[in-house]
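Chain naming here is simple, since letters A, B, ... match the order of the sequence lines and numbering starts at 1 in each.
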Amino acid sequence: MAERRYDPHQIEPKWQRAWIEGRDFEVDPQSTKPKFYTLEMFAYPSGNIHMGHVRNYSLVDAVARYKRMQGFNVLHPVGWDAFGLPAENAAIKHQIHPEVWTRQCIANMKQQLQRLGFSVDWTREFATCDVEYYKWNQWFFLKMFERGLAYRKKSAVNWCPQCQTTLANEQVVGGCCWRHEDTLVELRELEQWFLKITDYADELDAYLDKLTGFPERTLLMQRNWIGKSVGANIDFPVENSSSRIPVFTTRIDTIFGATYMVLAPEHPLVAELVAGQPEEKQVLGFCERIKREDKINRVSALQEKEGIFTGRYAINPVSAERMPVWVANFVVMEYGTGAVMSVPAHDQRDFEFALKYKLPVRLVVQNQERSLALGEMHEAFVEDGVLVASAEFSGRSSREARTEMTAKAERGGFGKAAIHFRIKDWGVSRQRYWGTPIPMIHCEHCGIVPVPEKDLPVVLPKVERFTGAGGSPLAGVPEFINVQCPKCGGVARRDSDTMDTFVDSSWYFFRYCDPRNSTRSFSQQLIDHWFPIDLYIGGIEHAILHLIYSRFWTKMMRDLGVVKVDEPIANLFHLGMVLKDGAVMSKSKGNIVDPDEIVSDFGADTARMFILFAVPPEKELDWDEAAVAGMFKFLQKVFRLVVQNVDWMKGFSGTLQESSLTAPAKALRRKMHQTIKRVSNDLEHRLHFNVSIAAMMELNNKMSDMDAKELENPGGRMVFKESCEALIRMLSVFAPHIAEEMWELVGHSERLTVAAWPEYSEALAAEEEIEIPIQINGKVRGRILVSADVSEDEIKQRALGDTKVKSWVGDKTVVKVIVVPKRLVNIVVK
RNA sequence: GCGGGGGUGGCGGAAUCGGCAGACGCAUGAGACUUAAAAUCUCAAGCCCCAAAAGGGCGUGAGGGUUCAAGUCCCUUCCCCCGCACCA
């Protein structure tokens, strides 16, 4: 009989069909098993899947399959983040409708994912451009509007000239558009819809401490982004005026050291203050110049500090001292109140500014370790210390004084405890076509009128021509735009903008629990059952985009009463990128490795195994063609080993007495239990499948090394078959097709998808005999073989008695003998 | 500047608790099989120095320390990556 060769092209479609026909991955709603909800951040249907997708899905799929074999009811859904600009840009370029383009991309990518054999419940698939889905975006929007969480405001918003639309703050990365890394974002004064994420800023920050399943760096990035700071608002009266300058400070304890004030050039008070002053023209000129400057540069710490005196003074409310009021480039209107009290002795910026413009410096916090003197200071003392020259607070610790001075300010009516956040409300209007229409109507008489709930969905109309000329394309569709006001019945216009696509991704993973619900966004009962998400995997690039928006959205839904969860994700994992020759794969670099080609050359199992084996999952992976071939060889070796022994394995069964096992059989059995232990541990806790796969290779090597004679006696056969089946079952979560094939060859009629995960026994995994290295003064000089249960004392005696050791010790004195059971012996000699 | 992560053979990496550094693989070299090649199998291999060999020495960015014992802990320092950055 000709030996059967490993042919993935024959095996893979066969099992993919079997899984679909057997509905192996569809969630059983009646199941009483414990739940496990895992998914990868859904994909944007851009045309083809790339290696990053393969990596993400391979990782999640291994866990999903493992959990299923462990007896969990696993929800592993896939969907499409289908609204967005690439579809619209394709429409402009190729005159193909965005929907047609998107549906084609989805069909193609779905087929590509299916070729890779991921254990997905495809019955739950949806795309965010499905009206059954985006209808609920609109519904949530109306609910938020009712509660004042969605509001309209005119302000300076980020504008990407490439995208021809506005962007949220989160979508501006280093001053550039998140989608166009070299396109500078401009500011435009526009009236836009905002979602009040700031209402949740405090909770979003506070709950970070509870997100124990989040990576530290993600928590940190979110904490930075939210930017909570605790302090006080203080009003500084303006001399010879009824106006006050409100400031925010985190260091009210230094207020006696506040010697001047600085306003942002945009500050509305500037004009009032300088009106009629001799400085007026110059100051206003300065403000105009700074305002024209590039915002990105202005807000950089490297920028030279520049300011101008307004000619006016404020009064320090605690010391009644006159403080000159300045305007300077480094104060920004967007943070705090757009004005600062300057304490040059205790703030580095203020220190530098005071030095440059010869403004007074007053020391009010003394360093307890090393006494400070004004003339000797080369930088501000920004730490806590003991207050000096601070009236009744002198001698108090600066830290403690903060609370008391805030109380005093409150009593005196010139200040109040306050918390400021860096995070701003989420601007969600987009002047583009391919998104969820904002369900709002503008009526000349009634103002802004929400679309009544019963009129939802507001269906995105077909637009036939995409010019890319800019402006909301929907504004050019009269049958969409012109509408009767729901309130007064008069002539009105629909909002022509669409929602930010990050709205779509803010709650899509809730919808998977109940994807076909037509009367509600989802049933709360089902959410209660499935949430939180047990494992969520995606790139770090969403640390403060999608991951903060969806936390906000969840809390908003909770307050709406549609869910009970506070946080959607229990465990989050960021996987590294896939590179080629050290660079990100991209069309322009021409270094793209096409997953389809890899599958055609080696099969899905090889691709999946390689991508998991090459590096630990959080690291960047540099694609290595030769190493891929190596993985194929490994699978081939396993397959060959099974085929070679399949004839006897098929009919073999039975258990044997411990005593009838030979040493090599026992050794193989031990290796098997050790391997199961290692692989289970990685799947359970670490996701370091590079190590799991290495362990399986070791087991396979051990099996191949088994002497032919061992495979003739029943003990050897029993252990070999056991090991073989354990290996196949473990392999099935990483390389499911070849595993199913081998499982069938060995004689199983049920599929591995319903098989149990192999168990290990701590006792059988333990070594019976251990080789213990003997060190003399920390250097290995010999080895002894002892049984695992030997006493410490005996090990010591045997070590000292070893001839090699004796010759090393020679006539030196043994000072100490350290015996680490099951590890080593260290003999200290002098 | 602040915060986080990292630096281990030719390469990717392993070492989960302070206990044999280099598992597993890629590439490489030698051999077997073959007319030949491919495939496959076997073996070798951290580096350097001394040595014919046995053997010895050195070795986890660098320098110090703690310890019987350090890739792992502590201090100093260099380099790389990521995030934030005039935040009042």
Side-chain angles (χ1 to χ4, degrees), chain A residues 5 173-174 215-225 227-229 231 234 247-251 254 258 261-262 264 298-305 328-332 334-343 346-350 352-353 420-422 540-541 543-544 574 576 609-610 613-616 618-631 633-634 636-637 640 678 681-682 685-686 688 690-701 704 771-783 815-829:
Chain A
R5 287 185 63 87
V173 181
E216 197 55 45
R217 58 179 171 153
T218 312
L219 296 175
L220 203 90
M221 283 166 77
Q222 291 212 355
R223 195 163 277 129
N224 281 342
W225 187 259
K228 177 178 178 173
S229 47
I234 304 167
V247 306
F248 171 71
T249 179
T250 54
R251 291 295 303 273
T254 63
M261 312 218 43
V262 187
R298 212 190 112 190
V299 181
S300 147
L302 306 169
Q303 185 77 358
E304 170 79 17
K305 288 172 186 46
N329 61 345
F330 69 90
V331 175
V332 293
E334 288 77 30
Y335 187 80
T337 61
V340 295
M341 65 172 209
S342 284
V343 186
H346 305 292
D347 180 286
Q348 190 55 30
R349 280 165 320 175
D350 298 345
E352 285 166 28
F353 194 77
H420 274 262
F421 293 95
R422 213 183 70 108
I540 183 80
E541 67 274 14
I544 47 174
H574 293 301
M609 287 279 280
F610 168 74
F613 177 66
V615 284
E618 66 278 8
K619 290 196 69 166
E620 286 180 338
L621 182 155
D622 209 344
W623 193 263
D624 176 357
E625 211 67 45
V628 178
M631 185 50 74
K633 284 181 199 167
F634 167 69
Q636 208 170 33
K637 263 191 270 188
R640 197 180 307 127
R678 286 173 67 180
N681 189 34
D682 287 329
H685 305 293
R686 291 207 312 168
H688 277 202
N690 53 327
V691 188
S692 311
I693 293 169
M696 292 190 295
M697 286 173 167
E698 283 183 52
L699 178 60
N700 182 64
N701 290 347
S704 314
E771 194 189 56
I772 294 194
I774 302 162
Q775 300 181 331
I776 290 168
N777 290 346
K779 292 205 192 313
V780 179
R781 300 300 187 192
R783 290 169 188 282
V815 183
K816 207 173 177 185
V817 180
I818 289 125
V819 178
V820 186
K822 299 183 183 187
R823 292 278 178 174
L824 54 55
V825 178
N826 192 8
I827 301 168
V828 187
V829 300

Exercise for review: Specify the separation, in whole Å, of atom CD of Glu618(A) and atom C1' of G12(B).
Suggested key: 14 Å

Exercise for review: With sequence neighbours excluded, tell me which residues meet side-chain hydrogen bond (donor to acceptor under 3.5 Å, both in side chains) with Arg422(A).
Suggested key: none

Point to revise | Pairwise 5' ranking along RNA chain B for Asn681(A) and Ala614(A), keeping only the more 5' one | key: Ala614(A)

Exercise for review: Indicate, with a heavy-atom threshold strictly under 4.0 Å, whether Arg422(A) touches base, sugar-phosphate, or nothing.
Suggested key: base

Practice item. Under a 3.5 Å limit for both distances, which nucleotide forms a Watson-Crick or G-U wobble pair with G19(B), could you say? Key: C68(B)

**Study point:** Earlier contact from the 5' end, RNA chain B, for Glu620(A) and Lys633(A)
**Key:** Glu620(A)

**Study point:** P spacing across the pair C24(B) / C78(B), given as an integer number of angstrom
**Key:** 39 Å

**Study point:** Side-chain donor/acceptor contact of Arg349(A) with base of A88(B) under 3.5 Å
**Key:** yes

Exercise for review: Go through G13(B), A88(B), C26(B) for me and flag the one nearest to the Ala627(A) side chain.
Suggested key: C26(B)

Practice item. Classify the nucleic acid contact of Gly227(A) as base, sugar-phosphate or nothing, counting any heavy atom under 4.0 Å across all strands shown. Key: nothing

Review point. Which nucleotide sits closest to the side chain of Val340(A): A88(B), G83(B), A15(B)?
Key: A88(B)

Measure all distances between protein nitrogen or oxygen atoms and nitrogen or oxygen atoms of nucleotides 1-9 of chain B, and list the pairs falling under 3.5 Å.
none

Review point. Applying a 3.5 Å limit to both distances, which nucleotide forms a Watson-Crick or G-U wobble pair with U35(B)?
Key: none

Return the polar atom pairs (N/O with N/O) between nucleotides 58-60 of chain B and the protein under 3.5 Å, or none.
none

Check your understanding: What interatomic distance, in whole Å, is found between C1' of A62(B) and the corresponding atom of C79(B)?
Key -> 10 Å

Check your understanding: Looking at the rings of Phe330(A) and Phe353(A), which for Trp means the six-membered one, are their centres under 6.0 Å apart?
Key -> yes

Check your understanding: What form does the base of C17(B) take, syn (within 90° of 0) or anti?
Key -> syn

Table of protein N/O atoms under 3.5 Å from nucleotides 44-46 of chain B N/O atoms:
none

Practice item. Please determine, for the side chain of Val615(A), which listed nucleotide (A15(B), G13(B), C86(B)) has the closest atom? Key: G13(B)

Point to revise | Spacing of the P atoms in C49(B) and U66(B) (rounded, Å) | key: 32 Å

Review point. Can you tell me how far P in A30(B) sits from the matching atom in A39(B), rounded to whole Å?
Key: 15 Å

**Study point:** Partner nucleotide, any strand, of U42(B) [Watson-Crick/G-U, under 3.5 Å]
**Key:** A30(B)

Review point. With a 4.0 Å cut-off on heavy atoms, is Phe613(A) in touch with a base, just the backbone sugar-phosphate, or nothing at all?
Key: base

Review point. His420(A) NE2 to A88(B) P: how many Å, rounded?
Key: 10 Å

Check your understanding: At under 4.0 Å, does any side-chain N or O of Ser229(A) touch on OP1 or OP2 of A88(B)?
Key -> yes

Exercise for review: Grab the CD-P distance between Glu334(A) and C87(B) for me, whole Å please.
Suggested key: 14 Å

**Study point:** Distance in angstrom units between His346(A) NE2 and A88(B) C1', rounded
**Key:** 15 Å

Check your understanding: Under 3.5 Å, is there a donor-acceptor pair between the side chain of Asn777(A) and the main chain of Val829(A)?
Key -> yes

Review point. What is the distance, rounded to the nearest whole Å, between atom CE of Met697(A) and atom C1' of A14(B)?
Key: 13 Å

**Study point:** Euclidean distance, atom CH2 of residue Trp623(A) to atom P of C11(B) [Å, nearest integer]
**Key:** 22 Å

Review point. Given atom CG of Leu621(A) and atom P of C81(B), what is their separation to the nearest angstrom?
Key: 20 Å

Review point. Which part of the nucleic acid does Val820(A) contact within heavy-atom distance under 4.0 Å: base, sugar-phosphate only, or nothing?
Key: base

Review point. What does Arg223(A) touch in the nucleic acid at a heavy-atom separation under 4.0 angstrom: a base, only the sugar-phosphate, or nothing?
Key: nothing

Practice item. Please state the C1' separation for the pair C20(B) and A69(B) - nearest whole angstrom. Key: 11 Å

Exercise for review: Assign Lys228(A) to base, sugar-phosphate, or nothing according to its heavy-atom contacts below 4.0 angstrom with the strands shown.
Suggested key: nothing

N/O contacts under 3.5 Å, protein versus nucleotides 64-70 of chain B?
| from | atom 1 | to | atom 2 | distance (Å) |
| --- | --- | --- | --- | --- |
| C68(B) | OP1 | Lys816(A) | NZ | 3.4 |
| C68(B) | O2' | Asn826(A) | ND2 | 3.1 |
| C68(B) | O2 | Asn826(A) | ND2 | 2.7 |

Exercise for review: Syn or anti for G61(B), please, going by whether the chi angle lies within 90° of 0.
Suggested key: anti

**Study point:** Set of residues satisfying side-chain hydrogen bond (donor to acceptor under 3.5 Å, both in side chains) with respect to Glu541(A), sequence neighbours excluded
**Key:** none

Review point. Out of A27(B), C86(B), A88(B), which has the shortest distance to the side chain of Ala626(A)?
Key: A27(B)

Practice item. Return the nucleotide paired to G3(B): Watson-Crick means purine N1 to pyrimidine N3 with N6-O4 or O6-N4, wobble means G-U with N1-O2 and O6-N3, both under 3.5 Å. Key: C82(B)

Review point. Looking across every strand, which nucleic acid part, if any, lies under 4.0 Å from Val815(A) by heavy atom: base, sugar-phosphate, or nothing?
Key: nothing

